[in-house]
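Both backbone and side-chain heavy atoms feed into the values below; hydrogens, waters and symmetry mates do not. In each ligand, atom 1 is the first atom listed, and ligand 1 is the first ligand listed.
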Amino acid sequence: MGCAISGLGLIPKQQTQPRNEDDAVAHLADEQIEMIKESWKVIQEDIAKVGIIMFVRLFETHPECKDVFFLFRDVQDLEKLRTSKELRAHGLRVMSFIEKSVARLDELDRLDLLALELGKTHYRYNAPPKYYGYVGAEFICAVRPILKDKWTPELEKAWKTLFQYVTGLMQQGYLEEEGAKHNHVMVSTKERPDKRNTAL
Ligand code: HEM
């Protein structure tokens, strides 16, 4: 089950700190976009399988992620999850997002909006950015055996960059949503004395 992969546990320790050099600039070069699209044609035939492998691996390597999922947090035997309909459905939702991301590689503005929005929904799911960086590494471990000799270091770098790109925007969306909620609370607190004054 081992899959040695480096450089993708990239999310900063403090959400507000600058990111490290690996994920500072997630810029996708044209050749990387082409490589990703080409490899996706092979990966998409196995998306349900990849989704499951990716999440079982994520829960094995980072058990703290499992606690975020209401449906899976009490499952002790991770092998049972391999046949779980719920994990299959969840894996497919995430893989469909990756599919949409690949389809928007030529329209990055649209991908940006999608990923920002996803970050906002993850704030509501209580899934913090410190965990996002783990997903790309598990995705790579899951798809590498499927691509066999089509897998190259360049392709790996391209996928890492895509995940950095998406998770960077998710983090931004998460923080925006957190800020919005915080400001809302601040405003409500400030408003309270005024309301009381009016009532007096
Ligand atoms: C690359 C990183 C990730 C991507 C692309 C991603 C994508 C998604 C998508 C597409 C959904 C479906 C619902 C929606 O669209 O809002 C979802 C739901 C969810 N995600 Fe993520 N996710 C990522 C990382 C994580 C991590 C690391 C966690 C927890 C540690 C997490 C926790 C959740 C939870 C709790 C839900 C709601 C339950 C569900 O839909 O089954 N996600 N995610």
Side-chain angles (χ1 to χ4, degrees), residues 3 5 7-15 19 22-23 26 28 32 36 39-40 43-44 46-75 78 80-105 108 110-144 156-178 180-181:
C3 173
I5 177 166
L8 209 62
L10 299 169
I11 293 302
K13 287 188 185 74
Q14 296 279 317
Q15 286 161 19
R19 307 173 123 218
D22 271 338
D23 66 343
L28 283 154
Q32 291 183 311
I36 291 172
S39 63
W40 181 256
I43 298 166
Q44 71 177 356
D46 280 312
I47 52 170
K49 188 171 108 185
V50 172
I52 292 172
I53 296 175
M54 190 165 88
F55 274 93
V56 173
R57 286 193 56 93
L58 179 70
F59 297 157
E60 272 169 2
T61 51
H62 301 283
E64 66 277 20
C65 291
K66 191 159 67 85
D67 295 338
V68 177
F69 292 87
F70 176 72
L71 280 174
F72 311 129
R73 65 172 64 135
D74 295 325
V75 177
L78 291 179
K80 285 202 180 124
L81 284 182
R82 291 189 195 279
T83 51
S84 147
K85 279 195 203 119
E86 289 79 13
L87 188 66
R88 188 175 196 277
H90 176 76
L92 274 173
R93 281 197 283 279
V94 176
M95 291 301 288
S96 302
F97 181 86
I98 296 170
E99 181 160 49
K100 277 191 214 157
S101 306
V102 173
R104 280 162 180 69
L105 283 172
L108 288 180
R110 289 184 65 208
L111 173 55
D112 293 1
L113 288 177
L114 206 67
L116 273 174
E117 203 44 50
L118 189 66
K120 290 183 183 182
T121 56
H122 278 66
Y123 174 77
R124 289 173 227 138
Y125 300 149
N126 270 326
K130 64 182 175 189
Y131 298 147
Y132 303 164
Y134 305 149
V135 178
E138 302 311 343
F139 171 87
I140 286 172
C141 289
V143 300
R144 199 151 57 184
E156 180 162 320
K157 179 85 179 90
W159 275 106
K160 274 185 186 178
T161 309
L162 176 58
F163 271 91
Q164 284 164 11
Y165 189 92
V166 167
T167 55
L169 286 157
M170 282 176 70
Q171 164 164 316
Q172 198 182 317
Y174 179 101
L175 294 176
E176 278 175 23
E177 191 68 358
E178 186 180 51
K181 289 283 172 315

| request: Just do the side chain to side chain contact (heavy atoms under 4.5 Å, CB included) check on Phe139 and Met95 with the steps written out, would you? | output: CA-CA 10 Å; Phe139 171 87; Met95 291 301 288; 3.8 Å; yes

| said: Going by the rule side-chain contact (heavy atoms from CB on, under 4.5 Å), which residues pair with Ala103 if we only count those two or more places apart in sequence or in a different chain? | reply: none

| request: Return the residue, atom name and 0.1 Å-rounded distance of the protein heavy atom closest to atom 34 (C) of ligand 1. | output: Phe69 CE2, 3.5 Å

| task | May I ask you to identify the nearest protein heavy atom to atom 3 (C) of ligand 1, giving residue, atom name and distance to one decimal place in Å? | result | Met170 CE, 3.7 Å

| For atom 21 (Fe) of ligand 1, every protein N/O/S atom that sits closer than 2.8 Å, waters excluded | His122 NE2

| request: Just let me know how Phe97 lines up against ligand 1, side chain, backbone, both or neither, with a heavy-atom cut-off below 4.0 Å. | output: side chain

| query | Are there more than 12 heavy atoms of other residues, nucleotides or ligands under 6.0 Å from atom NZ of Lys120? | reply | yes

| Minimum heavy-atom distance Val68-Asn126, with the two atoms named | CG1-O, 3.7 Å

| said: Could you check whether any side-chain heavy atom of Trp40 comes within less than 4.5 Å of a side-chain heavy atom of Ile98, counting everything from C-beta outward? | reply: yes

| said: Main chain of Ala127, side chain of Tyr132: is a donor-acceptor contact present, judged purely on distance under 3.5 Å? | reply: yes

| task | Using a strict 4.0 Å cut-off to heavy atoms of Cys65, name the atoms of ligand 1 that fall inside it. | result | 30 (C)

| query | Under 4.0 Å from ligand 1, counting heavy atoms only, is it the side chain of Thr167, its backbone, both or neither? | reply | side chain

| request: Could you check atom 30 (C) of ligand 1 against the protein and tell me its nearest heavy-atom contact, residue, atom and distance included? | output: Tyr131 CD1, 3.5 Å

| Does Lys66 use its side chain to pair, donor to acceptor, with the backbone of Val75 at less than 3.5 Å? | yes

| field | Heavy-atom donor-acceptor pair, His122 side chain to Leu118 backbone, under 3.5 Å | value | yes

| query | Do other residues, nucleotides or ligands put more than 12 heavy atoms under 6.0 Å from Arg88 CZ? | reply | no

